2 protein chains.
Amino acid sequence: MTTPTGDQALIKRINTAIVLEYILRGSPLSRAQISEQSGLNKATVSSLVQDLIDGSLVKEIGTGQSSGGRKPVMLEFIATSGYAIGIDLGVNYIRGVLTDLRGGIVAERTSSLHYPEPEVAVEQLCGCIEELMAEAPASPYGIVGIGVGVPGLVDESGVILFAPNLKWRDVPLQRQLAERFGLPVTIDNEANMGALGEQKYGAGRSINNLIYVSVGIGIGTGLILHKILYKGASGFSGEMGHLSVEAHGKNCTCGNRGCWEMYASEQALLEQASGLGFDSLESLLAAAAAGREDVLELFTGIGEYLGIGIANIVNVFNPDAVVIGNRMSQARPWLESVLRQTVVQRALGFHLRKVQLLFAELGERSSMMGAAEMAIAGFFTRVKSV
Amino acid sequence: MTTPTGDQALIKRINTAIVLEYILRGSPLSRAQISEQSGLNKATVSSLVQDLIDGSLVKEIGTGQSSGGRKPVMLEFIATSGYAIGIDLGVNYIRGVLTDLRGGIVAERTSSLHYPEPEVAVEQLCGCIEELMAEAPASPYGIVGIGVGVPGLVDESGVILFAPNLKWRDVPLQRQLAERFGLPVTIDNEANMGALGEQKYGAGRSINNLIYVSVGIGIGTGLILHKILYKGASGFSGEMGHLSVEAHGKNCTCGNRGCWEMYASEQALLEQASGLGFDSLESLLAAAAAGREDVLELFTGIGEYLGIGIANIVNVFNPDAVVIGNRMSQARPWLESVLRQTVVQRALGFHLRKVQLLFAELGERSSMMGAAEMAIAGFFTRVKSV
DNA sequence: AAAACTTAGTTTATTGAATAGACAAACTAA
DNA sequence: TTAGTTTGTCTATTCAATAAACTAAGTTTT
């Protein structure tokens, strides 16, 4: 066990990260303000800012307002000194985005995935990445990394162990992409990526403890605890779709019984809706918008079960917020009230005081933006440690 | 937002902590070994060890075996340079322990709690603490702190918000004890303390991600994630006793329905057993030991529901281990096989590869030892930051 | 037993990061 | 013009870690 020890480089890393953080968040601001707010000495801030300027991450953008003395030189983060690629690999689509280092969208691509066989799909995915890379303007750091969200279990080394809806097993996607593009690649579950996306750019901005519930064909969850993605012992957790909410309910393919996703997912909705002659979420949304009573009842049922599961989550994690995302979040108008009611009824009062129930703000982009954020975060970790 | 910045003192704290950690874990060992294993320079280790010796935390205990050169001077942690007090405040008992800084038990006290009114009970608790303090040998640091585990919800500032079985509300125990004894006091939920106790001294030694399930009158859980106690947004989480396992099951006093603890706790067992003429866990254990079929069936039922909840926990957290503690752990012989079977059947296969199902090793001492550990950990945090 | 090697721990000079305080630059107010 | 303020840099100092030299105390080889 070789613990990482402390030395002067560590101090500099820490303080550089602090300074950069202030500039990222509060820009435009001056060296004096950073020193004031952070507690670091003026000279220290000056020196670290100079390093950041030398590293093309920060620039001076002229002088600001004087408050009775010399005018401050305002600083700004150079978001365009590098670009990140975020991919959302879905069951029947591939969505990709090129962002600057602040998560600003520069280019976007969506395509249908007709052949989910690993070889074909990975090829299509690489094509998407190449197109996005071609869109990136010239910049000091170029493409800083690639993040990919996938609908399945991913291990620590970026191997997709199991993606039931794609019928993939043991696909070493991280290695494949890293070798092909020679860039840092991060692969993670779609729900984890979505959690990160919403926490950074969406409904859960700057919330420390957040649970993202991705309601699509199945139900996945991404846990951000103490600001960081929680992963279990094996690098994957949050399979809360398979939380049993009916101890002796329907058998699930996972081996358990009464799994949440058998009652509250898109799949569950479609099964119930087939009797009424519907075969897609979109058609049901249209019918609900048109006011069809029987369809509204279906959504009420789904909303109640969503609430049951969320109440469980609230009781277990006592999070600051729960964000509902992925396809089912489109049904917000017909889910929200029954969902809130159920959660209020079932969750412990002490927890309710704090928890917020939110719907994804990024919509279909949650996962993709989270993937880009992973790449950006990886880049920052690397620069800070130089 | 004033972020703690990095300076040389921080480095020294980090490295001192590392050196102390090596001595705590690997003693007896030499300066050279610490340097070798930690990567710190020999001179650095020498200097830090000297500080620790000056601070009465470490001593030299003579020379060790030579491996072809000068004999090493072996170092050892001085566990008796301070003492900690750990208290388990139960519904009808108070248990207390005096330990040295390594968690070695020096003295122990148990008494029945006849009058659970806050004033009386707190007085009795203080008496217990005083008796234990009197048992502590003279030492450089004296009593370094007091930890108390309680059966209820505790907020960040050590106020017992709600302890249903004691009928307490808003008791500021932390403040009361701190004022009375002038010592650092930590109050936390009994399950959190139990988790810590088992993780440090019991079945879960040095396991990073561990869920402790305290099965008593109710069910509480303590979550140790990434080596640290996880607490939710409000400072309390892990109310997994109120995880709903039957969406439309029995109404629980908490407002939810089908809560786990209504099916798998001591309370649930006793309710079912009242028809058979039993009124205590102890009598049921005796009957089970005597082989009474109907009682064995009861335990099988409880074991199954315990397994259902634990499978949920495993699916949600993917922990390294689940430790079952508190009173119900005494029924291990009649619970274990059905419990394992249920968990294997219901938890996702990927998670099962890693998770261990354990029973508490410290028995009734889990919570009390965790409380002592809290006090010790607090002490170390303080010394390291000087 | 002497010489040669090994290992443990200390001493010394150096490096590098942060800092206090002095200072220069550039502004406002009166 | 003068006094006071704010911004940012420069300088000397402090302090922790480190490499390398060194002392101390052993073992192995010849």
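Treat the numbers as computed from the prediction; the structure is a model and nothing was measured. Protein chains get the first letters and strands the later ones, always in sequence-line order, with residue 1 at the start of each.
Nearest-nucleotide assignment on DNA chain C puts the 5′-proximal partner with B/Arg31, out of B/Arg31 and A/Leu48. Closest-nucleotide positions on DNA chain C for B/Gln50 and B/Asp7 were compared, and the one nearer the 5' end corresponds to B/Gln50. Each of A/Ser67 and A/Glu60 was assigned the nucleotide of DNA chain D with the nearest heavy atom; the assignment lying further toward the 5' end belongs to A/Ser67.
Residue contacts shown for B/Ser35 are absent, as no nucleic acid heavy atom lies under 4.0 Å away. Residue-level contact check: B/Ser30 touches the backbone only, with heavy atoms under 4.0 Å from sugar-phosphate atoms and none from bases. A/Thr44 comes within contact range of at least one nucleobase, with a heavy-atom separation under 4.0 Å. Residue contacts shown for B/Val73 are limited to sugar-phosphate atoms, with no base heavy atom under 4.0 Å away. Backbone-only engagement by A/Ala32 is indicated by non-hydrogen atom pairs under 4.0 Å involving sugar-phosphate atoms exclusively.
Side-chain atoms of A/Glu76 do not come within 3.5 Å of backbone N or O of A/Pro28 as any donor-acceptor pair.
Regarding A/Glu36, its CD atom lies at a distance of 14 Å from the C1' atom of D/dT5, rounded to whole Å. Taking atom NZ of B/Lys12 as the reference point, atom C1' of D/dT14 lies 13 Å away to the nearest angstrom. Taking atom CD1 of B/Ile34 as the reference point, atom C1' of C/dA8 lies 13 Å away to the nearest angstrom. One atom, CG of B/Asn15, and another, C1' of D/dT18, lie 12 Å apart when rounded to the nearest Å. A/Arg13 has its CZ atom 16 Å from the C1' atom of C/dA18, to the nearest Å. Spacing between atom CD of B/Gln65 and atom P of D/dA25 amounts to 18 Å, rounded to whole angstrom units. Between A/Leu10 atom CG and D/dT18 atom P there is a gap of 11 Å when expressed in whole angstrom units.
Taking only distance into account, the side chain of A/Lys42 meets the base of D/dG8 through a donor-acceptor pair shorter than 3.5 Å. Contact of B/Asn41 with D/dA17 (side chain to base): no donor-acceptor pair of N or O atoms is detected under 3.5 Å.
Of all nucleotides listed (D/dT18, C/dA17, C/dT10), C/dA17 comes nearest to the side chain of A/Ile11. Of the candidate nucleotides C/dT28, C/dG9, C/dG16, C/dT28 has the atom nearest to the side chain of A/Ser66. If you check C/dG16, C/dG9, C/dC27 against the side chain of B/Gln8, the one that comes closest is C/dG16. Nearest nucleotide to the B/Leu40 side chain, out of D/dA16, D/dT18, C/dT7: D/dT18. Of the candidates D/dA16, C/dA26, D/dT9, C/dA26 carries the atom nearest the A/Arg70 side chain, counting heavy atoms from C-beta on.
When the options A/Val185, A/Val154, A/Val159, A/Val148 are evaluated for a side-chain contact (heavy atoms from CB on, under 4.5 Å) with A/Gln174, the one that passes is A/Val185.
The base-pairing partner of C/dA30, taking Watson-Crick or G-U wobble contacts with both distances under 3.5 Å, is D/dT1.
Classified by interplanar angle (parallel below 30°, tilted 30° to 60°, perpendicular above 60°), the ring pair A/Tyr230/B/Phe317 is perpendicular. Classification of the A/Phe380-A/Phe77 ring pair by plane angle, with boundaries at 30° and 60°, yields tilted.
With hydrogens and angles left out, the side-chain atoms of B/Glu373 and B/Tyr201 include a donor and acceptor closer than 3.5 Å.
The shortest distance between side-chain heavy atoms of A/Ile87 and A/Leu132 falls below 4.5 Å.
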